[in-house]
Amino acid sequence: MASFMTAPDERVPGRWDLSSSSFAFLAAAEDIVCHGLRPRDGTDPVARPVFIAGALPFDRTRAGHFFVPEEVRRGRGLVRREMAAGTAAPPVLSIEPRPSPADYGRAVARALAALEGAAGLRKVVLARSLRLLAAEPFDPAWILRRLARDGAATAFGVALPARAGQPRRLVGASPELLIEKRGTRVLSHPLAGSARRDRDPALDRAAAEGLARSDKDRREHELVVEAILDTLAPWCRDLAAPKVGDLISTDSMWHLGTRIEGTLKVPEAPLLDLVRALHPTPAVCGTPRAEAARLIADLEGFERDFFAGAVGYVDEAGDGRWMVSIRCAEIAGAAAVLYAGAGIVPGSDPVAEIAETAAKFRAMLDALDLDRKEV
Ligand SMILES: C=C(O[C@H]1C=CC=C(C(=O)O)[C@@H]1O)C(=O)O
């Protein structure tokens, strides 16, 4: 039976240690740290009143990874945010971009041609990856603490099923809320449309203002809001989104965002059904979804796996929160794969999309103490 505690218990060192956690969700409002897991048998996990954590892969035809932790701890400020640099990051021996930035630019150009040619295709999100090899194993707990310094994001760490005997973990800091459920209220806060932040305050403000004025970014964003409203409409009454979205900032990026809120018609509607209906939104896939997913499979040239999926939990009351799994990496020993994608619509520029994805890698690179690496 999962236990719930609202305060850190420092008297049991190791038990709430992040490095042995099966699931961690570190946010300004609340930290959740889980240990142990009881694998599920694939039946609908929301049917029983237990705490369920997990991750969905990008590919909606593939099974999600859900589990019931043995122990769940929740509390505000449960986990200390790590400020010190250089103490635990192993030296990184190599960084291999896959595809290369130039090939990614060519894929964006092909996506633009498809957007002009294919009837109905309006947006596709193309990603690229960085394969890192370090001299020693990465410490996911230390990375998580570093990621959690950004109060605008939820830092997450999920133990994934081992591959070839090697334990894997998805870690990241996502600013994008797929859906949250509290009682009968649901909230989604999609993001799409981006600009890199700047250390110079005047240039930073100019970047935000440029993003707010950008027609291309607005179109990219509106498709996501439209899709989420259409998906949630049958489930909700009082479904509302402001006509004008907001500008949100993480430590490294500006984004266009829109808060979408509604009240469930059926209060006990399972949160995981809503997650599955919404995922993947056009913030990570495209519009229409099936056509965009096909183009991604044709053009990207690597497996997204749990990148651009969703991570989150459903608690015993049926409430919970699922974040879009972006600004993340899969860590397996001394190897890490970092991911970043960008929405492509008519008017997108391949060179700008290379720069945008480079900027989106910053959250993970900075957490790994690679803040001076250009990618
Ligand atoms: C797909 C990613 O970001 C999404 C979220 C915010 C802004 C986005 C954009 O402007 O393209 C993307 O839709 C990513 O970070 O890998």
Side-chain angles (χ1 to χ4, degrees), residues 58 97 104 107-108 111-112 115 122-130 147 150 152-154 156 170-178 188-197 207-208 210-212 214-228 245-258 278-287 289 292-293 296 300 302 304-311 322-330 337-350 352-367 375:
F58 167 71
Y104 176 76
V108 172
L112 284 167
L115 284 160
R122 299 168 75 194
K123 171 178 177 178
V124 64
V125 179
L126 283 187
R128 60 188 181 105
S129 70
L130 299 177
L147 289 167
D150 189 340
T154 295
F156 59 88
L170 190 71
V171 296
S174 174
E176 183 163 10
L177 176 65
L178 181 64
S188 177
H189 196 169
L191 308 178
S194 306
R196 182 183 195 141
R197 296 205 59 186
L211 175 61
S214 159
D215 172 61
K216 181 218 71 127
D217 287 279
R218 199 174 292 267
R219 281 184 284 121
E220 213 181 304
H221 185 74
E222 277 165 4
L223 290 171
V224 187
V225 176
E226 241 172 61
I228 291 179
D246 43 22
L247 264 180
I248 77 116
S249 60
T250 65
D251 285 349
S252 48
M253 299 297 296
W254 288 104
H255 292 300
L256 301 180
T258 299
L278 287 167
H279 171 72
T281 77
V284 290
C285 183
T287 312
R289 182 192 269 165
I296 288 168
E300 246 171 30
F302 66 90
R304 284 190 179 190
D305 215 355
F306 285 90
F307 161 67
V311 286
W322 287 76
M323 305 298 294
V324 181
S325 49
I326 51 174
R327 316 296 147 80
C328 62
E330 186 187 303
V337 185
L338 280 56
Y339 303 92
I344 314 299
V345 291
S348 293
D349 165 23
E353 302 305 331
I354 296 171
E356 181 176 317
T357 42
K360 286 172 174 165
F361 282 128
R362 295 260 53 105
M364 275 310 304
L365 289 173
D366 291 353
V375 289

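In what follows, residues are counted from 1 in the order of the sequence shown. Atoms within a ligand are numbered from 1 in the order they appear, just like the ligands themselves.
- Residues satisfying the side-chain contact (heavy atoms from CB on, under 4.5 Å) criterion with Ala359, sequence neighbours excluded, are Arg196, Met253.
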Give one line per pair: atom of ligand 1, protein atom, distance. Only N/O to N/O under 3.5 Å.
unit_1	atom_1	unit_2	atom_2	d
ligand 1	3 (O)	Arg327	NH2	3.3
ligand 1	10 (O)	Gly193	N	2.9
ligand 1	10 (O)	Ser194	OG	2.5
ligand 1	10 (O)	Glu220	OE2	3.3
ligand 1	10 (O)	Glu356	OE2	3.2
ligand 1	11 (O)	Glu220	OE2	3.1
ligand 1	11 (O)	Gly343	N	2.8
ligand 1	11 (O)	Glu356	OE2	3.3
ligand 1	11 (O)	Lys360	NZ	3.1
ligand 1	13 (O)	Ala283	O	2.5
ligand 1	15 (O)	Arg327	NE	2.6
ligand 1	15 (O)	Arg327	NH2	2.9
ligand 1	16 (O)	Gly341	N	2.7

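- Residues Leu256 and Leu247 have side chains in contact (heavy-atom distance under 4.5 Å, counting atoms from C-beta outward).
- The side-chain contact (heavy atoms from CB on, under 4.5 Å) search around Val125 returns Lys123, Arg304, not counting sequence neighbours.
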Compile the donor-acceptor pairs under 3.5 Å between side chains in residues 338-350 and protein atoms, sequence neighbours left out, one pair per line.
unit_1	atom_1	unit_2	atom_2	d
Ser348	OG	Val345	N	3.0
Ser348	OG	Val345	O	3.0
Asp349	OD1	Val351	N	3.2

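- Salt bridge status for Glu220 with Lys216: present, with a side-chain N to carboxylate O gap under 4.0 Å.
- Inter-residue side-chain proximity for Phe58 and Ile296 is flagged as met; some heavy-atom pair is nearer than 4.5 Å.
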